[in-house]
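Input: a single structure, listed below in C-alpha cells.
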Amino acid sequence: MRFEDVSLTKISETAWEIPRTGGMLVPGLVFASPEMMEDIVRDQALRQVINVAHLPGILHRSIGMPDIHWGYGFPIGGVAAMDVDEGVISPGGVGYDINCGVRLMRSNLTMAALRPRLPELVAALHREVPSGVGSTGFVRLDRKELEKVLSGGSRWAVSAGYASEGDAEFTESGGRLPGADPDAVSEVAKKRGFDQLGTLGAGNHFLEIDEVVEIYCPEAASAFGLFRGQAVFFVHSGSRGLGYQVCDDYLDVMAAYTRRERLDVPDRQLACAHIASEEGRRYLCGLAAAANYAFANRQLLAHQLRETVQRALPLAPRDAGIRTVYDVGHNNAKFETHEVDGRPRNVLVHRKGATRAFPPGHPELPPAYRGVGQPVFIPGDMGRSSYVLAGAPEAMRLSFGSACHGAGRRMSRTAARQSMKGRSVFAEMAKRDVLVACTSRKVLAEEIPEAYKDVGAVVDVVDRAGIARKVARLKPAAVVKG
Amino acid sequence: MSGGAYRLLPHTADLLVEVRAPDFPSLCARSAEAVFSLLTDRRRVRRSERRSLDFASEPPEELLLSVLRGSLLLFSLDRFLVREADANMEGGGLALAVAGEPMDAGRHSICREIKAVTAHALSVKDGPSGFVARFVLDV
C-alpha cells in the first residue's frame with residue numbers, strides 16, 4: 001500500500017511497517033486496523049513517523065500508536081527510544097505540555113446513588129476547581145516553594161498536606177522524576193508557574209465523572225479497586241504554562257545545537273541534542289522539573305476534586321473512599337531498561353501522546369499491581385466511552401513499554417465548530433446522559449464526540465496487538481472543561 | 001477569511017493559520033493580531049495602553065516566530081490583550097508597537113488556551129500579491 005510517497009507494508013491485522021528508505025535509520029511501525037489506516041493517511045502523521053526515524057541513535061523502530069495524528073516534529077501518538085551514548089533528545093518528542101497525563105480515582109460510590117446529585121456536584125466542581133485560560137490555583141507559591149515543587153513533584157504535595165502516601169505510591173515514578181534542577185527552568189517559565197499550580201487549563205483538559213459499565217478482566221479490575229456500576233473520576237492536565245515555556249526555551253537551545261553540530265534532521269521542530277551533551281543534560285534537568293510540576297498539578301486537582309465531592313454530597317472521606325487508582329503521563333522522555341538486540345539496555349524513551357504500559361512483573365510497578373500490569377487510561381471523547389487497560393508483555397517487545405493515550409482527533413477544530421452550527425452541544429450531550437460544564441463554549445464545540453476517532457476501535461488495536469489488555473469500559477456521566 | 005486578516009487552514013489537532021499582508025512588517029503585525037483574535041474578541045479590547053517590543057535582525061521566518069512568541073508572552077505572562085499592532089523595520093531588526101489593555105475578566109472572555117507558537121510548517125513567502133505567512137499554534 002502507498003500513500004503519496006509513503007510505502008506501507010501490512011504485517012498483521014494491527015500493525016504496519018514503513019520500510020527503511022533514504023535517511024531513515026530504522027523502519028517505522030504503526031499500530032492500526034486497516035479501517036483506521038484510511039483516516040491516518042489523511043494528514044502528515046506518517047511522514048512524521050518517517051522523520052523521527054532519521055534521528056541519531058534511534059533504536060529498533062519509529063513507532064506510531066493507533067491514535068496517531070499530525071503533531072509538530074513527532075506525531076501525536078509517537079514513540080522513539082534512543083541509545084544513551086549515540087542518541088539524541090528532542091523537545092519535539094515530548095511536546096509542549098510536558099508530562100501531560102491522566103489520573104483515575106475510584107470511589108465507594110455507585111453511579112446509581114450519585115446520579116441524582118450530579119447537577120449540583122458538577123456545578124460545585126466547575127466553581128471550585130480552577131479551569132479555563134487565566135485561572136489561578138488556590139496555592140500561591142513563592143520562589144522557594146516553587147523550587148520545592150519542581151524538585152519534589154508529588155512528594156512536595158505529600159509534605160504540604162495535599163496528598164496521601166497512597167496518592168504518591170500510585171503515581172508513575174512515585175510522582176517525582178529524579179534529576180530535576182530548578183536552575184534549568186528559566187525565569188520566564190517560573191513566572192508562568194507561580195500561580196498556575198492546581199489549575200486544569202483549557203482545550204482537551206478535563207475533569208470527568210464516569211461509571212464503570214463493563215469489566216473485561218476481573219482480576220485486574222479487582223486489583224485496581226474497580227467494580228461495575230462504580231462512580232470514578234478522571235483528571236486530565238499537565239504542566240501548564242511552565243511546561244510550555246520550558247519546551248519553547250529548549251527548542252531554541254536545541255536548534256542552535258543542531259546547527260552547530262550539523263545534525264541532519266528533516267523538520268526544524270525535531271531540533272535535538274545528544275543526550276550526553278551539556279545541552280541534552282540541561283534539557284533533561286528542566287524536563288524533569290516541569291514533569292514534577294505536572295505531577296504536583298494533577299495532585300492538587302485531585303485534592304480539590306476529592307474535597308469538593310466530599311463537601312457537596314456531603315460524605316466523610318472514609319465513606320466516599322476516593323483514592324488514586326494510578327496517575328500516568330503521556331508526554332515525556334524517560335530513561336528505562338529495555339531489551340534491544342537480545343540484551344537489556346538503558347535507553348531514553350520519548351513518548352509524545354503515548355502512555356507508558358509496563359507489563360505484569362515489572363519492578364517499577366507498585367506491589368499491588370505487579371501481578372496484573374500497570375494501569376493505562378484511554379479517555380475517549382466526552383460522549384462515548386473511556387477505557388482502563390493494563391500493560392501487557394508484548395509492549396516490551398514491540399513498543400518500548402508503550403500504548404496509546406486517547407481516541408485521537410479525526411476532525412480539525414474548525415470543521416468541528418462548523419459542524420456544530422445550529423446545534424447545541426449541551427442538548428446533544430444531555431441526550432447521551434452526559435452533563436457538561438465549561439468555561440469556553442467555543443472550545444466545547446471543538447471537543448464534540450465526532451471530532452474524535454472511535455476510542456473502542458483504538459483500544460481494540462492495542463488489545464489485539466498484545467501491548468495492553470482491556471480491563472474495564474467507562475461511560476462518561478459528567479464533564480468539566482476549561 | 002476570519003476577522004478579515006487571517007484564515008484557518010485544515011489541521012487535525014492544532015490551528016494552522018494563514019496571514020496575508022502587502023509587506024513584511026505588516027505581515028508581522030497582522031500575525032500578532034491574528035493570535036489575539038484567536039484568543040479573544042479583539043473588538044472588546046480597548047486601546048488604553050501601548051507597549052513596544054524590539055526584535056533583532058533574523059531571517060524572515062525566524063523573525064516572525066520571535067514576533068509571534070513575544071506577542072503571545074504579553075498575554076501568557078502579563079495577561080495583556082492586544083487590540084492592534086503596528087510594525088516597522090528599524091536598523092535591520094523589527095519594532096512592534098501594540099495597543100491594548102490588561103485582561104478584565106468582566107469584559108473579556110478568552111476563547112481558548114494557546115500553548116505555544118510552533119516552528120513546524122512555519123513559512124513566509126513573498127509573491128506578486130504580497131507576503132503570506134503560515135504557522136501552527138499548539139492549542
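All heavy atoms count here, side chains included; hydrogens, waters and symmetry mates do not. Chain letters run A, B, ... following the sequence lines, proteins first, then strands; residues in each count from 1.
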>> To the nearest 0.5 Å, what is the distance between OH on A:Tyr244 and CD1 on B:Ile114?
In response: 11.5 Å

> Checking B:Val136 against chain A: side chain, backbone, both or neither under 4.5 Å from a heavy atom?
Replying inline: neither

>> With a 3.5 Å distance limit and no angle check, can you tell me whether A:Gln269 reaches the backbone of B:Ala119 through a side-chain donor-acceptor pair?
In response: yes

> Should B:His120 and A:Leu270 be marked as a side chain to side chain contact (heavy atoms under 4.5 Å, CB included) after you check the CA-CA gap, both sets of side-chain angles, and the distance that decides it?
Replying inline: CA-CA 9 Å; B:His120 175 69; A:Leu270 284 176; over 6 Å; no

> Side chain, backbone, both or neither: which part of B:Thr118 has a heavy atom under 4.5 Å from chain A?
Replying inline: both

>> Counting heavy-atom pairs closer than 4.5 Å to chain B, which one of A:Glu446, A:Arg410, A:Met411 comes out on top?
In response: A:Glu446

>> Are there over 12 heavy-atom neighbours, none belonging to B:Arg44, within less than 6.0 Å of that residue's CZ?
In response: no

>> Report which part of A:Leu251 has an atom under 4.5 Å of a heavy atom belonging to chain B: side chain, backbone, both, or neither.
In response: side chain

>> Would you compute the distance between atom OH of A:Tyr96 and atom CG of B:Asp14 and round it to the nearest 0.5 angstrom?
In response: 9.5 Å

> With chain B, which of A:His69, A:Arg240, A:Arg413 has the greatest number of heavy-atom pairs at distances under 4.5 Å?
Replying inline: A:Arg413

> Which atoms of A:Asp267 come close to chain B, meaning under 4.5 Å heavy atom to heavy atom: side chain ones, backbone ones, both, or neither?
Replying inline: side chain

>> Please classify the contact of A:Arg268 with chain B as side chain, backbone, both or neither, using a heavy-atom distance under 4.5 Å.
In response: side chain

>> Walk me through whether B:Lys115 and A:Asp248 qualify under salt bridge (charged side-chain N to carboxylate O under 4.0 Å, His left out).
In response: CA-CA 10 Å; B:Lys115 291 178 186 167; A:Asp248 242 352; over 6 Å; no

> Roughly how far apart are B:His11 NE2 and A:Asp43 CG, rounded to 0.5 Å?
Replying inline: 7.5 Å

>> Within a 6.0 Å radius of atom CZ on B:Arg43, are there more than 12 heavy atoms belonging to other residues, nucleotides or ligands?
In response: no

> What part of B:Arg112 gets closer than 4.5 Å to chain A, counting heavy atoms only: side chain, backbone, both or neither?
Replying inline: both

> Tell me, do A:Asp252 and B:Arg69 make a side-chain contact under 4.5 Å, heavy atoms counted?
Replying inline: yes

